[in-house]
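Below is the structure I would like to discuss, written out as structure tokens.
Below, each value reflects all heavy atoms present in this structure, side chains not excepted, and no hydrogens, waters or symmetry copies.
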Amino acid sequence: MARIAGVNIPTQKRVVIALQYIHGIGPKFAQDICTKVGIPDKRRVHELTDAEVLQIREAIDRDFVVEGDLRREVAMNIKRLMDLGCYRGLRHRRSLPVRGQRTHTNARTRKGKAKPIAGKKKTS
């Protein structure tokens with residue numbers, strides 16, 4: 001099993017797909033890494049040599065912010081917005097949608113399960 005950036009990537013999948021298991025690497029970055037290292041699209045992870053795995057590991061370390069560092073950076077950006085007290089920070093603080101979505105009827109994913117209103121009776 002190949003271990004890249006602290007993640008065990010699946011051995012039976014193609015390299016382009018397997019690299020996407022690393023947080024911070026999507027389809028485009030995975031394709032870019034494969035072309036830089038010179039790995040064909042059809043190659044699978046278990047067919048890679050140790051030298052190729054090392055090249056992939058070095059390319060990711062050199063060019064990309066991934067996994068723990070990326071999560072930390074995103075968390076620090078959100079914390080900075082909250083400390084500033086800007087509109088986006090306030091929305092984060094109250095666990096409401098940040099990017100202008102409506103909240104009157106939707107946003108249940110962000111707001112959580114609907115709370116019943118006390119004293120409201122069903123009309124029959």
Side-chain angles (χ1 to χ4, degrees):
M1 180 160 287
R3 189 167 175 83
I4 299 173
V7 177
N8 293 333
I9 60 174
T11 55
Q12 297 302 318
K13 295 188 183 282
R14 293 188 0 240
V15 178
V16 177
I17 304 301
L19 284 176
Q20 294 177 40
Y21 279 69
I22 300 169
H23 180 74
I25 295 180
K28 175 156 184 354
F29 285 156
Q31 190 66 47
D32 291 348
I33 291 167
C34 286
T35 53
K36 270 185 199 169
V37 177
I39 295 172
D41 289 344
K42 302 292 182 193
R43 185 80 73 79
R44 301 203 176 252
V45 175
H46 65 88
E47 297 169 354
L48 293 176
T49 63
D50 290 337
E52 288 173 329
V53 172
L54 187 64
Q55 281 181 317
I56 291 172
R57 199 175 292 139
E58 287 171 352
I60 290 173
D61 289 342
R62 184 179 58 244
D63 299 333
F64 301 101
V65 179
V66 292
E67 282 300 323
D69 294 336
L70 179 63
R71 292 178 205 272
R72 196 173 307 107
E73 191 175 309
V74 169
M76 289 302 293
N77 288 341
I78 293 171
K79 187 176 182 317
R80 177 180 52 82
L81 290 171
M82 288 165 60
D83 291 344
L84 281 173
C86 65
Y87 182 77
R88 280 174 59 201
L90 295 176
R91 302 298 283 184
H92 275 293
R93 198 178 298 159
R94 294 181 188 156
S95 296
L96 292 170
V98 178
R99 298 186 178 178
Q101 297 92 331
R102 65 181 293 128
T103 57
H104 178 68
T105 55
N106 291 333
R108 289 280 46 121
T109 303
R110 191 84 169 120
K111 289 164 68 174
K113 192 160 169 39
K115 300 167 199 77
I117 301 169
K120 186 172 182 180
K121 303 259 193 223
K122 290 184 181 176
T123 56
S124 55

Exercise for the section: Flag yes if more than 12 heavy atoms outside Phe64 fall under 6.0 Å of its CZ atom; otherwise flag no. Expected result: yes
Handout entry: Single-linkage hydrophobic cluster Val53~Phe29, side-chain heavy atoms < 4.5 angstrom
Key = yes
Completion exercise
All heavy atoms of Cys34 vs all of Leu19, minimum pair found to be SG-CD1, 4.1 Å
Problem - Stepwise side chain to side chain contact (heavy atoms under 4.5 Å, CB included) check, Asp41 with Gln31 - result: CA-CA 8 Å; Asp41 289 344; Gln31 190 66 47; 3.0 Å; yes
Exercise for the section: Look at Lys79 together with Asp83 and state whether they make a salt bridge at an N to O cut-off of under 4.0 Å. Expected result: yes
Practice task
Could you go through the side chain to side chain contact (heavy atoms under 4.5 Å, CB included) check for Glu52 and Arg43 one step at a time?
Solution key: CA-CA 11 Å; Glu52 288 173 329; Arg43 185 80 73 79; 2.8 Å; yes
Problem - Note, His46 side chain near Gln12 side chain (heavy atom, < 4.5 Å) - result: yes
Problem - Ile22 side, atom CD1; Gln20 side, atom CD - distance, nearest 0.5 Å - result: 10.0 Å
Fill in the blank from the handout: Here the gap from Arg110 atom CZ to Arg94 atom CZ, rounded to the nearest 0.5 Å, amounts to 12.5 Å
Exercise for the section: Flag yes if Val16 and Ile56 sit in one hydrophobic cluster, no otherwise; membership is Ile, Leu, Val, Met, Phe, Trp, Tyr, and two members link when side-chain heavy atoms are under 4.5 Å apart. Expected result: no
Practice task
Give a yes or no answer on whether the side chain of Gln101 reaches the backbone of Arg99 with a donor-acceptor pair at less than 3.5 Å.
Solution key: yes
Exercise for the section: Decide side chain to side chain contact (heavy atoms under 4.5 Å, CB included) for Val65 and Glu73; before the verdict, give the C-alpha distance in whole Å, the side-chain angles of both, and the deciding distance to 0.1 Å. Expected result: CA-CA 9 Å; Val65 179; Glu73 191 175 309; 3.9 Å; yes
Problem - NZ/NE/NH1/NH2 to OD/OE distance under 4.0 Å, Asp32 and Lys28 - result: yes
Practice task
Please confirm whether the backbone N or O of Pro97 pairs with a side-chain atom of Arg91, one donor and one acceptor, at under 3.5 Å?
Solution key: yes
Practice task
Please indicate whether Arg108 has more than 12 foreign heavy atoms, meaning atoms of other residues, nucleotides or ligands, lying under 6.0 Å from its CZ.
Solution key: yes
Exercise for the section: May I ask you to decide whether Asp69 forms a salt bridge with Arg72, counting only side-chain N to carboxylate O separations under 4.0 Å? Expected result: yes
Handout entry: Stepwise side chain to side chain contact (heavy atoms under 4.5 Å, CB included) test for Lys36 and Ile33
Key = CA-CA 5 Å; Lys36 270 185 199 169; Ile33 291 167; 5.7 Å; no
Exercise for the section: Supply the atom-to-atom distance Arg3 CZ to Arg57 CZ, rounded to the nearest 0.5 angstrom. Expected result: 9.5 Å
Fill in the blank from the handout: Separation between CG (Leu48) and CD1 (Ile39), nearest 0.5 Å, reads 5.0 Å
Problem - Same apolar cluster (I L V M F W Y, side chains within < 4.5 Å links), Ile78/Val98 - result: no
Problem - Exercise: identify the closest heavy-atom pair between Ala18 and Val45 - result: CB-CG2, 3.5 Å
Fill in the blank from the handout: Interatomic distance, CG@Leu96 vs OG1@Thr103, rounded to 0.5 Å, equals 6.5 Å
Practice task
Grab the two heavy atoms, one from Ala59 and one from Val37, that are nearest each other, plus how far apart they are.
Solution key: CB-CG2, 4.4 Å
Handout entry: Connected via hydrophobic side-chain network under 4.5 Å: Leu70 and Val7
Key = no
Exercise for the section: Test Ile4 against every option in Ile60, Asp61, Ile25 by the side chain to side chain contact (heavy atoms under 4.5 Å, CB included) rule and name the one that passes. Expected result: Ile60
Handout entry: Exercise: identify the closest heavy-atom pair between Tyr21 and Glu67
Key = O-OE2, 4.3 Å
Problem - Atom NZ of Lys111: over 12 foreign heavy atoms under 6.0 Å - result: yes
Problem - Co-membership, hydrophobic cluster, residues Val74 and Met82, 4.5 Å side-chain - result: yes
Exercise for the section: Starting at CZ of Arg14, measure out to NZ of Lys42 and round the result to the nearest 0.5 Å. Expected result: 6.0 Å
